[in-house]
Amino acid sequence: MKKNIALLAGDGIGPEVIDQALKVLGAIEKRFGHSFEYHPGDVGAIAIDNTGSPLPQATLDVCLAADAILFGAIGDPKYDNDPNATVRPEQGLLGLRKAMGLFANIRPVTTYPTLIHLSPLKEEKVTGVDLLILRELTGGIYFGDKGWNKEEGNAYDTCFYKVDEIERISKLAFEYAKIRRNKVTLVDKANVLESSRLWRDTVTKYAAANYPEVELDFMFVDNAAMQLIQFPKQFDVILTSNMFGDILSDEASVLPGSMGLLPSASIGVHTSMFEPIHGSFPQGTGKNIANPMATILSAAMMLESIEMVKEAQVIRQAVKDVLEKGIGTPELAPSIPLGCKEVGDIVTAVVAEGDDFSFNSYLANVSTTA
Ligand code: IPM
Ligand code: MN
């Protein structure tokens, strides 16, 4: 198959981790006879530097014309501590979500047995965690009416949702639950917020009418923050609004031991986008220490979305095999520490050679990082 992929590497470690995913995708092309055509675009701080806009029209055009979008990371410390900055890298990502109609962000959280010891939780609490967060991505407080009245010294952000926005993401949540463990937990703050009461009412009716066979329960977001730490195994699909999902997905992302392992997908009315959940890690930029696994696994999610299910499986298995051999970037404190590029190389080799791959002979020729 021939596919067009928009490549938005972004800032910081974005380009480094994207390069590793591209190597792995190259091995997939060869092994399965596909051809991927890449169309790069600037986004984030790099786009501001080059064009003045965090999301230039040219980038949007490339995304709209693509079969899928592979995204690295955005963000630059030079903008973080300036509340008066009017142009910010994050606007690139938010603008892209809105313009592409990417209304659902999907973040699977799974654990790797060999890395469980890195989890901040006790091993027995976290072993077997397998949950999926479905975060609404183009509505709520992120996109509602907002303002900052400097003379009067006040500011506001409005959380606004419509029934159809809630229903379309609910449908996805229930469909995922059906192929998983058949349970959806709606996380909200319905004891305080009207918009949360709308979510609860809408999801309850939608579920009763369309998915009576799926278990649906409700949890207030403060309690959910606690339950994710105390009993994370109880969750299957967590369905929630934009802001709550932003916070809870960062919380959930540390359960497996490293943020560097988790991919995500944003899907909607147009082309879908795939990105690691970690940020641009400015302190690690150019040091060859970033963990490329989350981006490589995002590429796997991307392949799944373009009907390359077997290919996605090959990538996931390769990542698993590499991690199980004790190989990884330094933050995993692995028995065989390698750089970002070298981890990318070895996953690529496993994908390329399949069952013929031998870790022993490969590693005999690789020098490990300190
Ligand atoms: C995320 C990020 C973004 C968000 C930022 C960079 C705008 O934190 O993808 O979770 O808040 O949605
Ligand atoms: Mn976030």
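Throughout, residue positions are numbered sequentially from 1 according to the sequence presented. In each ligand, atom 1 is the first atom listed, and ligand 1 is the first ligand listed.
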inquiry  = Give me the residue, atom name and distance of the protein heavy atom closest to atom 4 (C) of ligand 1.
reply    = Y142 OH, 3.4 Å
request  = Can you pull out the closest protein heavy atom to atom 6 (C) of ligand 1? Residue, atom name and distance to 0.1 Å, please.
outcome  = E90 CG, 3.6 Å
note = Residue, atom and distance of the protein heavy atom nearest atom 2 (C) of ligand 1 read D246 OD1, 4.1 Å
request  = Indicate yes or no: does R180 engage D130 in a salt bridge with an N to O separation below 4.0 Å.
outcome  = yes
remark   = Looking only at non-hydrogen atoms, the one of E275, R135, Q91 nearest atom 12 (O) of ligand 1 is R135
request  = Compute whether any side-chain donor of one residue and acceptor of the other, for Y161 and E136, lie under 3.5 angstrom apart.
outcome  = yes
remark   = re atom 9 (O) of ligand 1, the protein heavy-atom contact at minimum distance is R97 NH2, 2.7 Å
query = What orientation do F32 and H34 show, parallel under 30°, tilted 30 to 60°, or perpendicular over 60°?
reply = parallel
message = Listing by chain and number, which protein N, O or S atoms are under 2.8 Å from the Mn ion (ligand 2)?
response = D246 OD1
key: Ring geometry between F174 and Y206 (parallel below 30°, tilted from 30 to 60°, perpendicular above 60°)   = tilted
query = Side-chain donor-acceptor pair under 3.5 Å between Y112 and E324, yes or no?
reply = no
query = If we only count N/O pairs under 3.5 Å, is D250 in contact with ligand 1?
reply = no
inquiry  = Within the 3.5 Å criterion, strictly below it, is a donor on Q20 or K23 matched to an acceptor on the partner's side chain?
reply    = yes
query = Any salt bridge between D188 and R197, counting N to O under 4.0 Å?
reply = no
query = Are D11 and K78 within salt-bridge range, i.e. N to O under 4.0 Å?
reply = no
ask   = Which of these passes side chain to side chain contact (heavy atoms under 4.5 Å, CB included) with L216: V237, V203, L239?
value = V203
